[in-house]
There are 2 protein chains.
Amino acid sequence: MTDKLTLDEVAKRAGVSRTTASRVLNDGPNVRPEVRERVLRVIAETGYRPHPVAQSLASQQSHVIGLVLPRRTEALFNDPYFPRLTQGIAQACNDHDYTLALFMMQCEADEQKFYPRISRKGLLDGIVIQVGQIGDDLIARLLESDVPTVVAGRPLNQPNANYIDVDNIAGAHTAVTHLLHLGHKRIGAITGEMRTTAALDRYAGYCKALQEHDLPVDETLVCEGYFTEIGGYEAMRRLLPHKPDAIFSASDAMSLGALRAIHEAGLTVPHDIAVVSFDDLPPATIARPQLTTIHQPVHAFGVKAVEMLLDVIKNGPTPPRRVIMETELVIRESCGSTQSKT
Amino acid sequence: MTDKLTLDEVAKRAGVSRTTASRVLNDGPNVRPEVRERVLRVIAETGYRPHPVAQSLASQQSHVIGLVLPRRTEALFNDPYFPRLTQGIAQACNDHDYTLALFMMQCEADEQKFYPRISRKGLLDGIVIQVGQIGDDLIARLLESDVPTVVAGRPLNQPNANYIDVDNIAGAHTAVTHLLHLGHKRIGAITGEMRTTAALDRYAGYCKALQEHDLPVDETLVCEGYFTEIGGYEAMRRLLPHKPDAIFSASDAMSLGALRAIHEAGLTVPHDIAVVSFDDLPPATIARPQLTTIHQPVHAFGVKAVEMLLDVIKNGPTPPRRVIMETELVIRESCGSTQSKT
DNA sequence: CACAGTTTTGGAAGCGCTTCCAATCACTAC
DNA sequence: GTAGTGATTGGAAGCGCTTCCAAAACTGTG
């Protein structure tokens, strides 16, 4: 017991070679049942546990994957989205016996510092990286390295990237179509930062729905927010003078702000202005009125991202994987309808 | 270039031994400047980066620390507190060139699975663990293992634990004293789960302030919530019939719910009921009226936790470290006073 | 009972690095 | 010119595991 407890020691006590002990440890074949039994007993008795780092070095895989959140995303950690996503990813890691390493870049310096560490094969078996703003080249650089990578969210101009995303266009389209079916004509949009593909895609879905109903996209009814409560509030204040009769807001957090601005203006939702949102995270049910919103399966999204990554790790990067997850309209109170019209 | 790029290879190209190359890599002493220069050039030219796992194995330290969030805490990931804390911890890790591994337990099974992995020296150089509910024995077990550990939050009955906490008692005391100075007599409390030391301590501060003003603690004015918006809402609904003229709510998220319940009852804040909160996270400024609240330095808390841990790693566990961080009353609108009375 | 074929086993070579220690070297002081 | 000093260097032994490969021990067959 006083000796360092290594596999050698276990093997010695069980009267076998280290090789055999290793086989038992890894459920390898070609070990006589009674021998396996004996080794197992020694392991149990001594409480031996293998040294994970030694295993990593010898087997050339660490069983660790990294979650990389580019800078600026971190500001969004206020949004319940990232915590939820992280939870899904963590869960999947547990379930598959992987350890999760978290890389939150807070500034450019972090990025410089991280890149060597994560792109070097060894520490990480693979990476899930959240898309950041358009123009970030971290993803591109990562894809050049030989570390298996899955992008969460649609990256721009990365034909070979493995990525997973929700169907933002379809989701926004459904949301706005719902408003149109309810008879709204002057539908405004609070878009979220246009430097993200999520905002762009949701905006595209908004435009598509309007066009299908032969309505023009009125630029004065479109306002960019910052995916936060304040962002939604400020955007809504700028939109109010243009008298929209409905609003499509690209995130629940922004919707909260929008509601606040609307109430401050003495108007009520959904009577004066209907609101349809995107996310279906806790703010949606906390808001008064509760938000009709596009549900996106954030937790499942995280789980799936990890599973994709493990697939890439196991079976190589070709062909590139694409997964688009469906969203769903959840009818609550902020549109005045309690029945889906689609 | 086609060869695997190891330190051996670098050494060979620079015409030195691997030992010397290693010295250069680690800024070791006793290398002639010109030799160092030469090795450095080869490293730059080849883009060599050391294999972190090999370094860990040889040096017996991984430069990885773990953040452990016990189960049930994960439910609180909706609260902005944990994301913020995580951010602080991540930041500090970056700054000190440590990698952060995240262990979020979602169920008991996770706990069983994690324990062997994290308590085994090797993967982790140390652990920051968030206190969970009273009765969780994970912390106790972890403290028995020889992995350096710092507890975030006050653990119960762990005399030797290194821990860091905010001064919850003093904070709550300040909050309630503020209400008392404003002339309130029937001050209610929404406490948060009493199975956490944070809730217990804040409640203790509440009681202490009342007692100092010779007021009894009226049990009908105290209600346990769940540290969420809904929790605060429900607690407030139960409190309203007892006609409090002020409320001390143990978290901003709960305060949001309390405000909602108060407004639904047709009362206004601060006119009919004053509210003082705890946390000073984003909900505090989003709320209408904005919350007068006890600011706790969450980010700095995370940073400090990591720094304590690094200290323990470096200098050993004795003597046990204790850090209590100060809180601060932030006066906003929900108490009717725009001036501090303390 | 010998032989080919299959399991089971252990020796030994790594994985890529750190670090102890002894050897070498360049000086200074005598 | 030589012993003594400290700075520099490299050989070699690990760190604790996996895995290749050859040897040993079985199995069944003719």
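Sequence lines set the chain letters: A, B, ... in the order given, protein chains first and strands last, and positions in each chain run from 1.
Here dC20(C) presents its P atom at 15 Å from CZ of R18(B), a figure rounded to the nearest Å. Rounding to whole angstrom units, NZ of residue K4(A) and P of dC15(D) are separated by 7 Å. If you take CG of L5(A) and P of dC15(D), they are 14 Å apart, rounded to a whole angstrom. Rounding to whole angstrom units, CD of residue E9(B) and P of dC15(C) are separated by 13 Å. Distance K12(B) NZ to dG10(D) C1': 15 Å, rounded to the nearest Å. The distance between atom CD of E34(B) and atom P of dA7(D), rounded to the nearest whole Å, is 17 Å. A straight line from CG of N26(B) to C1' of dT19(C) spans 10 Å, rounded to a whole angstrom. Rounded to whole Å, the distance from NE2 on H63(B) to C1' on dC17(C) is 15 Å.
Of the inter-residue distances, the one linking L142(B) atom CG with D137(B) atom CG reads 10.5 Å to the nearest 0.5 angstrom.
Under the 4.5 Å side-chain criterion, counting only non-hydrogen atoms from C-beta, R49(A) is not in contact with R117(B). Contact check for D165(B) versus V151(B): no side-chain heavy atoms found under the 4.5 Å cut-off. In this structure, R154(A) and V131(A) have side chains that are not in contact, with every pair of non-hydrogen atoms separated by 4.5 Å or more. In this structure the side chain of F114(A) never reaches within 4.5 angstrom of the side chain of L138(A), judged on heavy atoms. Within the 4.5 Å cutoff, no side-chain heavy atoms of Y98(B) are placed close to those of I89(B).
Here the nucleotide nearest the side chain of Y48(A), chosen from dC17(D), dT9(D), dT19(D), is dC17(D). Of the listed nucleotides (dT18(D), dC15(C), dC15(D)), dT18(D) has the atom at the smallest distance from the side chain of L7(A). Side chain of R23(B), nearest nucleotide from dT8(D), dT18(D), dC21(C): dC21(C). The side chain of T19(B) has dT19(C) as its nearest neighbour among dC15(D), dA13(C), dT19(C). The side chain of H51(B) has dG16(C) as its nearest neighbour among dC17(D), dG10(C), dG16(C). Relative to the side chain of L25(A), the nucleotides dT18(D), dT9(D), dG16(D) differ in distance, and dT18(D) lies closest.
Side-chain N/O atoms of R32(A) include one lying less than 4.0 angstrom from OP1 or OP2 on dT9(C). Residue N30(A) places no side-chain N or O under 4.0 Å from the OP1 or OP2 atom of dT9(C). Within the 4.0 Å cut-off from OP1 or OP2 of dG16(C), not a single side-chain nitrogen or oxygen of Q55(B) is found. Between Q61(B) and dT18(C) there is no side-chain polar atom (N or O) within less than 4.0 angstrom of OP1 or OP2. Contact annotation: S17(A) side-chain N/O to dG10(C) OP1/OP2 distance is under 4.0 Å.
S22(B) comes within 4.0 angstrom of a nucleotide base, judged by non-hydrogen atoms across all strands. Counting non-hydrogen atoms under 4.0 angstrom, V53(B) reaches nothing in the nucleic acid.
Between R120(B) and V35(B), the residue whose closest nucleotide on DNA chain D is further toward the 5' end is V35(B). Comparing A58(B) and V31(B) against DNA chain D, the residue whose closest nucleotide sits nearer the 5' end is V31(B).
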